[in-house]
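Note sheet for the following structure.
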Amino acid sequence: MCRGSGTGEHDFRQGPGGPGGPYTGEAMRDREGLLVRIGGLVACAMVGFPLWPALAEGQLSARVTFLGLGGLALFALLFWWLTGGREPRPRGVQLGIVTVQILLALGLTVLLDYTLTGILLVLTAAALGSILPLRPALLWVAAQTVGYGWIASLVFNSGVPVVVTLSFAGFQLFALHSAATARREREAREELARAHAEVLATRQLLEDSSRAAERVRISRELHDVMGHHLAALSLSLEAARHAPPEETSRHVETAQSLTRRMLREVRRVVSRLREATPVDLAGALATLAAGTGRPEVHLTIPEELRIDDPERAHALLRCAQEALTNAIRHAGAKNVWIELTQGPQEIELRARDDGRGAATIQAGNGLLGMRERLEKLGGQLAVDSAPGHGFAVTARVPLSPLGAAVP
């Protein structure tokens, strides 16, 4: 969404997923998430379905039945909350919810004394696969399987616990592997979308840089070649004007006048070609933001922004890209704000996020590269962060004309 504010600025807000139609980005995640949530609720319903006949036949008391239904309802609500929402939950919160669900599943096994409660552990195994790396998730699944097997050995008939526990262990491993694979594929799609956006943004700046370089090359050729020859022609005709044959004087003066006019035209063309065409930094940043799945990017650029030097535009683009990369991989941010301002002598880019922040800032390759790129252009980089207050980057580069005027 591109929205102009009252201060003459554009506010580019790219939601998660960016453009690409209803089957990519956030729309695809919504569809996948909805299928998972519906499947989980159906599984919970199947676990609770036998309770009503058991209550009617007197196999379970009303108190046990309603406690069981209440536990299943709580499990289903936690599952719905855990798998819903576009914003990622903190990992600690997710693991806490899964722990409560595991305890509910084991408690319902003791309370209801039937094997279908193992289905709930299959759902928690799928959740663990989408939260944790494979090895830690396997440890969690092994622990909950051992707990289920121990309870089964106490409450079920002889011979049943081993068969039931091994069966549900296989289902859990399958669910864990499927969820982990889906998570890796989702992360790969998001990384590919970000890389694609970076390539598009860089290509835009390269195209602007190529056009500017071609204009300078043509202007130099016109000035060095045509300008030199026409100036020599003017001098030759000036000498011919003073030649003895008086009848040629008028024609020579006319030729000289035409030559001067041609020189003026050449200078006019050279000056027009050397006029700097602004680099579309705003478009490149919007393309970069559009390919960011998470966090949400808020991009503010003044309408009057003009940057003529492709190298400076490229440096600012890379600073914005590095700030986004930090927010995605390290900060755990939900939002990133990127703002460009242009003063009489410099352009400033400010990027900040609402991530976890850090007490100390360790300059890695990304920050070092940003600083070196800016200092090469006479610019500066400032970094600020604090625990719980996100990460902020301020980059400044001086304005510079693309080239000197043609004499």
Side-chain angles (χ1 to χ4, degrees), residues 16-17 23-44 46-47 75-106 116-149 164-196 291-295 325 327-334 356:
Y23 296 102
T24 59
E26 202 61 51
M28 180 176 291
R29 284 193 291 272
D30 288 345
R31 282 177 169 80
E32 293 174 351
L34 182 60
L35 289 175
V36 170
R37 298 168 90 185
I38 293 175
L41 293 184
V42 170
C44 292
M46 294 304 298
V47 173
F75 185 99
L77 286 174
L78 292 175
F79 182 83
W80 185 270
W81 184 87
L82 185 64
T83 56
R86 293 189 171 185
E87 296 296 335
R89 319 288 187 186
R91 178 176 291 184
V93 174
Q94 295 183 74
L95 292 177
I97 296 298
V98 173
T99 302
V100 173
Q101 289 181 302
I102 294 173
L103 295 177
L104 282 172
L106 297 179
L116 285 179
T117 52
I119 295 176
L120 303 179
L121 295 180
V122 177
L123 297 180
T124 59
L128 290 168
S130 64
I131 298 171
L132 295 174
L134 187 57
R135 288 187 179 180
L138 282 172
L139 293 177
W140 277 68
V141 169
Q144 70 181 25
T145 302
V146 169
Y148 179 80
V164 172
T165 302
L166 291 178
S167 299
F168 281 119
F171 292 140
Q172 290 178 67
L173 290 175
F174 178 78
L176 172 64
H177 179 267
S178 299
T181 301
R183 176 175 56 84
R184 288 194 296 268
E185 290 180 352
R186 183 177 64 251
E187 292 173 350
R189 285 199 305 268
E190 293 175 352
E191 185 65 27
L192 180 61
R194 287 192 291 268
H196 180 63
T292 303
R294 292 190 181 93
T325 301
I328 292 168
R329 296 182 178 175
H330 307 298
K334 296 181 179 179
R356 62 179 64 95

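By convention here, the first residue in the shown sequence is residue 1. Heavy atoms only: backbone and side chains are in, while hydrogens, waters and symmetry mates are out.
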Notebook entry, point to check: How many angstroms lie between CG in L134 and CZ in R184, if you round to the nearest 0.5 Å?
Noted result: 6.5 Å
Next item on the list: Mind listing the closest non-hydrogen atom pair of I131 and R91 along with its distance?
Entry: O-NH2, 3.5 Å
Check: Between T117 and Y148, does a side-chain contact (heavy atoms from CB on, under 4.5 Å) hold up when you go through it step by step?
Finding: CA-CA 9 Å; T117 52; Y148 179 80; 4.0 Å; yes
Margin query: Return the CD1 to OG1 distance between I102 and T124, rounded to the nearest 0.5 Å.
Written below: 4.5 Å
Next item on the list: Carefully, step by step, assess L128 and L95 under the rule side-chain contact (heavy atoms from CB on, under 4.5 Å).
Entry: CA-CA 8 Å; L128 290 168; L95 292 177; 4.1 Å; yes
Item checked: pair L104-L78: side-chain heavy atoms closer than 4.5 Å -> yes
Next item on the list: Rounded to the nearest 0.5 Å, what's the gap from OG1 on T145 to CD on Q172? Could you check?
Entry: 3.5 Å
Item checked: Heavy-atom side-chain contact between L176 and L138 under 4.5 Å -> yes
Item checked: Side-chain heavy atoms of V122 within contact of F168, under 4.5 Å -> yes
Notebook entry, point to check: Given side chains that start at C-beta, do those of L106 and Q144 come closer than 4.5 Å, heavy atoms only?
Noted result: no
Notebook entry, point to check: Is a donor on one side and an acceptor on the other found under 3.5 Å between the side chain of S130 and the backbone of A127?
Noted result: yes
Next item on the list: Give a yes or no answer on whether the side chain of R183 reaches the backbone of L132 with a donor-acceptor pair at less than 3.5 Å.
Entry: yes
Item checked: Distance (rounded to the nearest 0.5 Å) between M46 CE and L116 CG -> 8.0 Å
Note to self: How close do C44 and L120 get, counting heavy atoms only, and between which atoms?
What the structure shows: SG-CD2, 4.1 Å
Check: OG1/T99 to CH2/W140 distance, rounded to the nearest 0.5 angstrom?
Finding: 3.5 Å
Check: Is any side-chain heavy atom of L82 closer than 4.5 Å to a side-chain heavy atom of Q94?
Finding: yes
Next item on the list: Could you tell me how the ring of F75 sits relative to the ring of F79: parallel (under 30°), tilted (30 to 60°) or perpendicular (over 60°)?
Entry: parallel
